[in-house]
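For reference, the structure discussed in these notes is given below.
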Amino acid sequence: MEFLIILLAATAAVSAVHGGAGRVLTLERVFPANKTVELEVLRARDRVRHARILQSFSGGIVDFNVAGTSDPYYGGLYFTKVKLGSPPKEFNVQIDTGSDILWVTCSSCSDCPQSSGFGVDLNFFNAGSSSTASSVSCSDSVCSSIVQTSDASCSEGNQCGYRFQYGDGSGTSGHYVTDLFYFDTIVGPSMVANSSAYITFGCSTYQTGSLTKPDKAIDGIFGFGQRDLSVVSQLSSHGITPKVFSHCLKGDGTGGGKLVLGEILDPTMVYSPLVPSQPHYNLDLQSIVVNGQMLPIDPAVFATSDNHGTIVDTGTTLTYLVADAFEPFVNAITSAVSQSTTPVLSKDTQCYLVTSSINEIFPEVSLNFAGGAAMVLKPENYLVHGDPVEGGTPWCMGFQKVQNGVSILGDLVLKDKIFVYDLSKKRIGWTDYDCSNDVNVSITSSKDEYRYAGELSESSSSRTTTSVVLQALLLHMVAVTLGSLLYGK
């Protein structure tokens, strides 16, 4: 409509100048004629405008504030805020790369937590209070497609329902809803486009296990999996965001970090290919090195197959290794620090009493993946504070043993690193990083790269996508049309 008004105004002005019957409308400059305006400011302003015109991807990235921490004594999870419904309502949701669906607690949930140990107010989604909400029926194509993945069922009337079970034994069930999802798109230095899009998400009416405990209660879970119903997949399929997301989870202090629907760039990033045809983010872990020595572990124990492999999961606090890898790992660490610590057992966990900094005592660890990508772990990436014992408060092994064949890389090893999930190129990248610092984020669809805090930075990238080509074409059409109308050319 705004675009149409501008064209009508220009048409009316030209009509009057050339003797037509149209009424003269005054066109005013946004930028004064006697002042120089940086080209990038103009380009960024145009991106904001084009986002409103196209109601689609403006060539920017979407970022979310991150709260929470990897410290198990302070909840051991990271969460962010999302806005849903009309009028928009804010919900705190756990960041979870190990599941696919975004769900929030429904107002009809009678046994769900009413308070949270994280110091946040719990909110409940009420579809009846949102003017844009609609239930997903069993006959809806969305429901019929996700029923095939066992994420949906139609046993409750005509509502498309769901039931999830998580690895820790907790679970949730409810029904699917379609409503507006609000987000800010960063399109340039200090330029933000307010955007929204319809997405399908879960409305939880029943919860079990740890989800019911007030000390760790949160409004829902934000699944970042690869399936079609994840928010990343829904938005990217409509050209609203790129098919890549990134996070940088701050490990020390109060935690927090950065979460971006887009690509964080760093010259030291290493990449490993995703194992194909897997429902989770599976990587091919090939070996473990402690203090420069490769551990005697048969690589076959890490091989991906049914219920075997290594997955990346922000919804898991600690890290889990299969038994055949766990025992050699713990033995190697204990041997390396035997002269500098007092080994103790606490609740069947190997712990160590120390008299100096763990960084001065404990060795560096390297997890080696396919593609030659090494994930280097500092002591704080595999140790956690233990409960007090006789002699002091020990540091304990944060890696846990699992009897099944799935190793899980949780927040303990993911923290203090940039992680990029490039779904287009089927790979995951990472590098060590201080997540309290700004990051460089690629606007995947252009040659530009912007500082996360809004500062402009140089880029040698030459990527292009249809969205930006469309915007450039639109901008050219506007210029040509207005030039023709105003100057008769």
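For the ring-ring contact (aromatic ring centres under 6.0 Å, His included) with His247, the lone residue among Phe419, Tyr78, Tyr433 that qualifies is Phe419. A ring-ring contact (aromatic ring centres under 6.0 Å, His included) with Phe64 is found for exactly one of Tyr182, Phe245, Phe222, namely Phe222.
Atom CG in Asp313 sits 5.0 Å away from atom OG1 in Thr97 (nearest 0.5 Å). One distance of note links CD1 of Ile199 with CG of Leu102; it measures 5.0 Å at 0.5 Å rounding. With rounding to the nearest 0.5 Å, the separation of OG1 in Thr268 from CG in Asp432 is 7.5 Å.
Judged purely by distance below 3.5 Å, without hydrogens or angles, the side chains of Thr105 and Gln207 pair a donor atom with an acceptor atom. Side-chain contact check for Asp100 and Ser230: no donor-acceptor pair (N or O, by modelled atom type) lies under 3.5 Å.
Although no hydrogens or angles enter the test, the distance criterion places no donor-acceptor pair under 3.5 Å between the side chain of Glu364 and the main chain of Val290.
A distance of 6.0 Å or more separates the ring centres of Tyr421 and Phe224. Aromatic pair Phe118/Phe79: ring centres closer than 6.0 Å.
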**Message:** Run the side chain to side chain donor-acceptor pair (under 3.5 Å) test on Thr334 and Tyr352 for me, step by step, so that the C-alpha distance in whole Å, both residues' side-chain angles and the decisive distance to 0.1 Å come before the verdict.
**Reply:** CA-CA 9 Å; Thr334 302; Tyr352 310 89; 2.8 Å; yes
**Asked** Does the disulfide bond (SG atoms under 2.5 Å apart) test come out yes or no for Cys109 and Cys112, once each step is laid out?
**Response** CA-CA 6 Å; Cys109 186; Cys112 294; 1.7 Å; yes
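Two residues are said to be in side-chain contact when any heavy atoms from C-beta on lie closer than 4.5 Å; Tyr162 and Thr172 meet this criterion. Within the 4.5 Å cutoff, no side-chain heavy atoms of Asp111 are placed close to those of Thr212.
SG atoms of Cys138 and Cys160 are separated by 2.5 angstrom or more, inconsistent with a disulfide link.
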